[in-house]
Amino acid sequence: MSRFIIIREDLVQDPLTIVTDGLLIGRLQLCELVLNHPAVSRAQAGIKWVDDVYYLFSLRPGNPPKLNGRALEETEALAPGDIIEVGPFRLEVDREDGALQLKVSLQIGVVLGEHDSDVPNLRTTKLLPEAPTEGKKAAKPRAAPLPGNKALDFFWDKRIREAGKMVRPSPLFPKSQRRSGKAQFSWTPTSDLARRWPVSFFIWGAVIVGALSVSAAYWYANAYAPAPVSRSHAVANMEMNPPIAVKANADSCTNCHSLTSSTETKCASCHNTEAFVATIIKPHVAAGIGCVSCHAEHQGSEFNPAHTALVTCTACHNDANQSTYNGRRVSTPHQGTFGYPVVNEKWTWPGLDDGDWALKKIAIARLPTDSDEQWRSKQFHSLHVQRVRSGPGMRGNLQGELSCSSCHQSFNPIDRTTPRTTCGECHNGRIEQGSNRVLIAKDKPNCTSCHVQHVRDIRTWNPSLFAQSGKGK
Ligand code: HEC
Ligand code: HEC
Ligand code: HEC
Ligand code: HEC
Ligand code: HEC
Ligand code: HEC
Ligand code: HEC
């Protein structure tokens, strides 16, 4: 083991004695002699003791140290009084009790290259006295350079590798390069020494937030709904045949609620099939009455949005209802009687418009000679006579169908009194097909049997009333 005494004049430190088998000089923090300047290589030079002689080694052929002003080729023996230059640093060599002493100073303001031959020139031109020879250990003549030596190459390779590998990354992750020279002493506020958030924090954060939002959308959605949706909208398969919806709703929220379109648009787009199109009558459209005015939702799974719609008519069409709908008022219809409107002793049925009439598929067309009243009478009579079965307490023809005498007792003059009493035989009350559940009491009017709300629904309120099976045949 050789000894090195380092005197850092540049850092104003106490002399330091290092015992090592080879002194590594460079910018790396793990070099024995750290010279921190960008012009200094990571491991630029080394000094090793071989047979009582200290040799200087150039470890970076591209950036060799200078010995007495000359760039060092490979190795050179060191003698007291030698000057080594590494970047802007100047190392004065001396021997002391077998140890090698290096006095390090920084040549501030020296432009590299300018002073190339400074010291040697002085010496060779004898302006400076020869290095003192008497009494000093430096009296020995300079030893010859070492011949090329594989073992020494390996030695330095290993040292450099170790020094490089062992550099611990700064836990502070500075963003910018370390400054050099005087600049490193002028204080500037910096945020780049904050400890970075480990990436794993973000990944785990994202995973947890993602999982929470997915599960919230899954479970909390139902908790957030005011009440469960009706069974018809909760189940995953459709029951009616022919189908009245494009697909089952299967308890989805977004089929009815979305940011891009209104609930009504959503209802209408799903309820749009061959057998059922969710149309709304013109007076209701004009009054701003939509699906949700008649079909509520979130009333529990027992709730049936179609059945309850049947009773909304009287709840809204009521003298007591003070609300206005697009500026329109409502009142109790046909003077509180059920469905036979007579105004000033005259039967006032407006009849069906051309589109609705065409849907009935009845082969009777309006003649050019027909007055409005004659055409409405033709519509009414052809909707009922020989098309509809006679009611329970009514006379009918041999086939049990409505005939002229079912309603008219006499024809000359025409009996107008009896027909006015017949309507309730068929248009009052309603029971659910299949289950026979009473939806509208027998003595209450079935509003939608006369005022059909969904004209493009092939189902009818009471198929058993038709003479032939099915409506429109
Ligand atoms: C994703 C499609 C879809 C949407 C959107 C949808 N429904 Fe339905 N609706 C259905 C299905 C499926 C049925 C049950 C049909 C069956 O069982 O065959 C149904 C049944 C109904 C019924 C009849 C219930 C019964 O059992 O008689 C009404 C009334 C109804 N929906 C109204 C609405 C209204 C009002 C909206 C908008 C608020 C709406 N629907 C939105 C698919 C939908
Ligand atoms: C069949 C259609 C339909 C489905 C499916 C549906 N909703 Fe609704 N929802 C409605 C209707 C209709 C309203 C009443 C809107 C109105 O009054 O304008 C409503 C209202 C609401 C409201 C507002 C209640 C209030 O008092 O204003 C919330 C919240 C809501 N729904 C959440 C949900 C959630 C969560 C789901 C899924 C579990 C869901 N809905 C599924 C049709 C539906
Ligand atoms: C003025 C009230 C009213 C409005 C508005 C209304 N409906 Fe209806 N709807 C009813 C009534 C009443 C029934 C019960 C069947 C009948 O007797 O016509 C019904 C039945 C239904 C049915 C069941 C059909 C069947 O064959 O069982 C569906 C589906 C439906 N409506 C969807 C809608 C949709 C979608 C809208 C909005 C575009 C809408 N309704 C607007 C009153 C209304
Ligand atoms: C939320 C209130 C509301 C509900 C529910 C409602 N309507 Fe209406 N209805 C109106 C309004 C408002 C008008 C427009 C009145 C006007 O134009 O003078 C109207 C118009 C009508 C008309 C046309 C009247 C005319 O002067 O030609 C008929 C028929 C009608 N409704 C029947 C029904 C039936 C049948 C139901 C039940 C399935 C029903 N309405 C449910 C509010 C409602
Ligand atoms: C037997 C068939 C029939 C029944 C049932 C019936 N109506 Fe009418 N309704 C008519 C006829 C016909 C008219 C007269 C023509 C018109 O004004 O539209 C009429 C007129 C109306 C009008 C507009 C004129 C007015 O007086 O305001 C409304 C609203 C109305 N009905 C609502 C209802 C409601 C709500 C029910 C259920 C409680 C109902 N109708 C039951 C046949 C019926
Ligand atoms: C479902 C009951 C019903 C049946 C069936 C029926 N009518 Fe009528 N008829 C009426 C009603 C309602 C009126 C209008 C009465 C009034 O003015 O209040 C009427 C009016 C008439 C009128 C008077 C003109 C008019 O339209 O006001 C004649 C004529 C007539 N019916 C002939 C017949 C003949 C012929 C048959 C058999 C082919 C027949 N009716 C079957 C209910 C019926
Ligand atoms: C014997 C049973 C029966 C009697 C009585 C009866 N109707 Fe009807 N009515 C029906 C049937 C069934 C339909 C359905 C026809 C269809 O949809 O093709 C109907 C259809 C109608 C319609 C047309 C509804 C639509 O599809 O737009 C009106 C309006 C109507 N009836 C009014 C009356 C009036 C007013 C009376 C009393 C004068 C009356 N009906 C007596 C069975 C009857």
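Note that ligands are numbered from 1 as they come in the structure, with each ligand's atoms numbered from 1 the same way. Both backbone and side-chain heavy atoms feed into the values below; hydrogens, waters and symmetry mates do not.
A salt bridge does not link Asp319 to Arg329: none of the charged side-chain nitrogens sits closer than 4.0 Å to a carboxylate oxygen. Arg437 and Glu432 are joined by a salt bridge, as a carboxylate oxygen and a charged side-chain nitrogen come within less than 4.0 angstrom of each other. For the pair Glu373 and Lys346, the salt-bridge criterion is met [side-chain N within less than 4.0 Å of a carboxylate O].
Between atom 8 (Fe) of ligand 5 and His451 there is an N/O/S contact shorter than 2.8 Å. Residue His384 counts as close to atom 8 (Fe) of ligand 7, with an N, O or S atom under 2.8 Å. Counting backbone and side-chain atoms alike, Cys423 contributes no N/O/S atom closer than 2.8 Å to atom 8 (Fe) of ligand 7.
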Quick one: do Gln386 and Leu402 satisfy side-chain contact (heavy atoms from CB on, under 4.5 Å)? Show the steps, please. CA-CA 5 Å; Gln386 286 178 28; Leu402 279 184; over 6 Å; no
Pair His427, Ser449 - check side chain to side chain donor-acceptor pair (under 3.5 Å), show working. CA-CA 6 Å; His427 290 282; Ser449 68; 2.8 Å; yes
Between Glu401 and Val388, is the side-chain contact (heavy atoms from CB on, under 4.5 Å) condition met? List the steps. CA-CA 6 Å; Glu401 296 162 347; Val388 170; over 6 Å; no
Can Met240 and Arg459 be said to form a side-chain contact (heavy atoms from CB on, under 4.5 Å), step by step? CA-CA 11 Å; Met240 293 187 198; Arg459 250 174 283 265; 3.9 Å; yes
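Each of the following atoms of ligand 7 lies closer than 4.0 Å to a heavy atom of Leu352: 27 (O). Each of the following atoms of ligand 7 lies closer than 4.0 Å to a heavy atom of Val452: 25 (C), 26 (O), 27 (O). Residue contact check: His233 has heavy atoms under 4.0 Å from atoms 1 (C) of ligand 2. Atom numbering of ligand 5 starts at 1 in the shown order; those under 4.0 Å from a heavy atom of Thr314 are 38 (C). Within ligand 5, the atoms closer than 4.0 Å to a non-hydrogen atom of Cys450 are 1 (C), 2 (C), 3 (C), 4 (C), 5 (C), 42 (C), 43 (C), numbered from 1 in the order shown. Taking every non-hydrogen atom of Pro445 and a distance limit under 4.0 Å, the qualifying atoms of ligand 5 come out as 38 (C). Taking every non-hydrogen atom of Asn446 and a distance limit under 4.0 Å, the qualifying atoms of ligand 5 come out as 5 (C). Atoms of ligand 7 found under 4.0 Å from any heavy atom of Pro419, numbered from 1 in the order shown, are 38 (C). Of all atoms in ligand 2, listed by their number and element, those nearer than 4.0 Å to a heavy atom of Ser252 are 5 (C). When each atom of ligand 7 is checked for a heavy atom of Leu383 under 4.0 Å away, the hits are 15 (C), 16 (C), 18 (O), 23 (C). Residue Trp349 approaches ligand 7 through these ligand atoms, each under 4.0 Å from one of its heavy atoms: 29 (C). Interface atoms of ligand 7 facing Arg387, defined by a heavy-atom separation under 4.0 Å, are 15 (C), 16 (C), 18 (O). Heavy-atom contacts of Cys447 reach the following atoms of ligand 5: 34 (C), 35 (C), 36 (C), 37 (C), 38 (C), 39 (C), 41 (C) (cutoff under 4.0 Å). Those atoms of ligand 5 with a heavy atom of Cys313 less than 4.0 angstrom away are 35 (C). Residue Leu402 approaches ligand 7 through these ligand atoms, each under 4.0 Å from one of its heavy atoms: 1 (C). Which parts of ligand 7 touch Thr422 is read off a 4.0 Å heavy-atom cut-off, strictly below it: atoms 5 (C), 37 (C), 38 (C).
Looking at ligand 5, you won't find any N or O of Ser331 less than 3.5 Å from one of its N or O atoms. For ligand 7, the polar-atom distance check against Ser449 finds no nitrogen or oxygen pair separated by under 3.5 Å. At a 3.5 angstrom cut-off on N or O pairs, Lys360 counts as close to ligand 7.
Within the set Lys266, His295, His257, the minimum heavy-atom distance to atom 6 (C) of ligand 2 is found for His257. The residue from Asn255, Asn249, Val292 that puts a heavy atom closest to atom 14 (C) of ligand 2 is Val292. When Phe380, Phe466, Trp461 are ranked by how near their heavy atoms come to atom 13 (C) of ligand 7, first place goes to Trp461. Taking all heavy atoms of Glu401, Gln379, His427, Arg389 into account, the minimum distance to atom 39 (C) of ligand 7 is reached by His427.
Residue-level proximity to ligand 2 for Pro226 is carried by the side chain, the only part with a heavy atom below 4.0 angstrom. The part of His298 lying near ligand 2 is the side chain, judged by heavy-atom distances below 4.0 Å. Under 4.0 Å from ligand 7, the heavy atoms of Val388 that appear belong solely to its side chain. The backbone and the side chain of His334 each have at least one atom closer than 4.0 Å to an atom of ligand 5 (non-hydrogen atoms only).
A 6.0 Å sphere centred on CZ of Phe411 holds more than 12 heavy atoms belonging to other residues, nucleotides or ligands. For Asp353, the CG atom is densely surrounded, since the number of other residues' heavy atoms within 6.0 Å is greater than 12.
Taking every heavy atom of both residues into account, Asn304 and Ala306 meet most closely at OD1-N, 2.7 Å. The two residues Pro65 and Val86 come nearest to each other via the heavy atoms CB-CG2, 4.0 Å. Of all heavy-atom pairs between Asn255 and Lys266, the closest is O-CB, 3.1 Å. Scanning all heavy atoms of the two residues, the minimum distance from Ala227 to Gln299 falls at CB-N, 4.4 Å.
Tested against Arg231 for a salt bridge (charged side-chain N to carboxylate O under 4.0 Å, His left out), the candidates Glu239, Glu297, Glu302 yield a single pass: Glu239.
Residues Trp204 and Val199 are not in side-chain contact: their nearest non-hydrogen atoms beyond the backbone lie 4.5 Å or more apart. Within the 4.5 Å cutoff, no side-chain heavy atoms of Ser331 are placed close to those of His317. Looking only at side-chain heavy atoms (C-beta outward), Leu24 and Arg159 come within less than 4.5 Å of each other. Between Gln453 and Ile281, some side-chain heavy-atom pair lies under the 4.5 Å cut-off.
In this structure, Cys267 has no heavy atom closer than 4.0 Å to ligand 2. Ligand 7 is approached by Trp347 to a heavy-atom distance shorter than 4.0 Å.
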